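What follows is a short report on a single structure.
Reckoned from all heavy atoms, side chains included, excluding hydrogens, waters and symmetry mates. Small disclaimer: the values here were computed from a predicted structure and weren't measured.
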Amino acid sequence: MKTYEMLYVLDNAVSDEGKEAHVKKFEDVVTSSGGKVITTDKWGAKKLAYPINYKTDGYYVLMTFEAEGSVVKELDRVAGLSTEVLRVVTTSKN
């Protein structure tokens, strides 16, 4: 298994419960596929460098995890289905 970092930006207008639900959903995708979540750092609300879908603020979360490559594809698919996720970047640490 490889180590990955996934940085995603949620719409800041989503409620705190909604933000926690998204964080848990992404962690569950990793753990249900046999991976392991190492850390989840909630950076909080920050101003975006440029507007995305007419939004100027986003809620940043950095999740570090160990998993197979297929899990990254599944995370991208799940993130793409949600309108609250503004951007996703996943990188390999190894």
Side-chain angles (χ1 to χ4, degrees):
M1 288 198 292
K2 291 177 73 173
T3 303
Y4 295 95
E5 284 185 337
M6 176 179 169
L7 177 66
Y8 54 98
V9 182
L10 299 172
D11 184 356
N12 199 35
V14 176
S15 68
D16 290 340
E17 295 84 17
K19 291 172 187 168
E20 288 299 322
H22 275 86
V23 170
K24 180 158 178 26
K25 178 170 54 172
F26 291 131
E27 289 176 346
D28 288 346
V29 168
V30 173
T31 55
S32 67
S33 301
K36 176 183 156 193
V37 176
I38 299 169
T39 61
T40 301
D41 296 327
K42 298 171 190 156
W43 293 356
K46 297 188 182 293
K47 186 162 181 63
L48 299 172
Y50 54 89
I52 302 173
N53 297 337
Y54 304 103
K55 311 277 192 233
T56 57
D57 294 324
Y59 186 82
Y60 286 75
V61 181
L62 177 68
M63 179 174 69
T64 306
F65 62 96
E66 292 179 351
E68 299 297 327
S70 61
V71 176
V72 175
K73 290 181 184 177
E74 179 64 14
L75 284 168
D76 284 341
R77 186 189 73 78
V78 170
L81 294 175
S82 176
T83 58
E84 289 87 13
V85 178
L86 301 177
R87 286 288 186 268
V88 177
V89 175
T90 307
T91 57
S92 173
K93 287 187 72 173
N94 315 24

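For the atom pair CG of Leu10 and CG of Asp57, the computed distance is 13.0 Å after rounding to the nearest 0.5 Å. Within the model, atoms OG1 of Thr64 and CD of Glu5 stand 4.5 Å from one another, a figure rounded to the nearest 0.5 Å. Atom NZ of Lys25 sits about 4.5 Å away from atom OG of Ser82, to the nearest 0.5 Å.
No donor-acceptor distance shorter than 3.5 angstrom exists from the side chain of Ser33 to the backbone of Gly35, with no hydrogens or angles considered. Counting only distance, with no hydrogens or angles, the side chain of Ser32 and the backbone of Val29 share a donor-acceptor pair below 3.5 Å. For the pair Asp11 (side chain) and Ala13 (backbone), a donor-acceptor distance under 3.5 Å is present.
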Exercise for the section: Could you go through the side chain to side chain contact (heavy atoms under 4.5 Å, CB included) check for Tyr4 and Val72 one step at a time? Expected result: CA-CA 8 Å; Tyr4 295 95; Val72 175; 3.7 Å; yes

Problem - Verdict with reasoning, Trp43 to Leu62, per side chain to side chain contact (heavy atoms under 4.5 Å, CB included) - result: CA-CA 7 Å; Trp43 293 356; Leu62 177 68; 3.7 Å; yes

Exercise for the section: I would like to know whether Lys2 and Glu66 meet side chain to side chain contact (heavy atoms under 4.5 Å, CB included); could you show each step before the answer? Expected result: CA-CA 5 Å; Lys2 291 177 73 173; Glu66 292 179 351; over 6 Å; no

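No more than 12 heavy-atom neighbours from other residues, nucleotides or ligands sit within 6.0 angstrom of NZ on Lys36.
At least one side-chain heavy atom of Met63 sits under 4.5 Å from a side-chain heavy atom of Leu75. A heavy-atom distance below 4.5 Å is found between the side chains of Val88 and Asp76. Looking at heavy atoms from C-beta onward, Phe65 lies out of side-chain contact with Ile38 at the 4.5 angstrom threshold. At a threshold of 4.5 Å between non-hydrogen side-chain atoms, the residues Val37 and Thr31 count as touching.
Residues Val85 and Val23 fall within the same hydrophobic cluster, defined by Ile, Leu, Val, Met, Phe, Trp and Tyr side chains chained together at heavy-atom separations under 4.5 Å. Residues Leu48 and Tyr50 share a single hydrophobic cluster, defined by chaining ILVMFWY side chains whose heavy atoms lie under 4.5 Å apart. Hydrophobic clustering (side-chain heavy atoms under 4.5 Å, transitive across Ile, Leu, Val, Met, Phe, Trp, Tyr) keeps Val14 apart from Val61. Hydrophobic cluster membership is shared by Leu86 and Tyr60, with clusters built from Ile, Leu, Val, Met, Phe, Trp and Tyr side chains linked at under 4.5 angstrom. Hydrophobic clustering, with ILVMFWY side chains joined whenever heavy atoms are under 4.5 angstrom apart, groups Val78 together with Met6.
With hydrogens and angles left out, the side-chain atoms of Thr40 and Glu27 include a donor and acceptor closer than 3.5 Å.
Contact check on Arg77 versus Glu74 returns a salt bridge, with a Lys/Arg side-chain nitrogen under 4.0 Å from an Asp/Glu carboxylate oxygen. Using a 4.0 Å cut-off between charged nitrogen and carboxylate oxygen, Glu68 and Lys73 do not count as a salt-bridge pair.
Residue Lys42 comes nearest to Tyr59 through the heavy atom pair CB-OH, 3.5 Å, listed as atom of the first residue, atom of the second, then distance. Considering every non-hydrogen atom in both Asn12 and Ala45, the closest pair reads OD1-CB, 3.5 Å.
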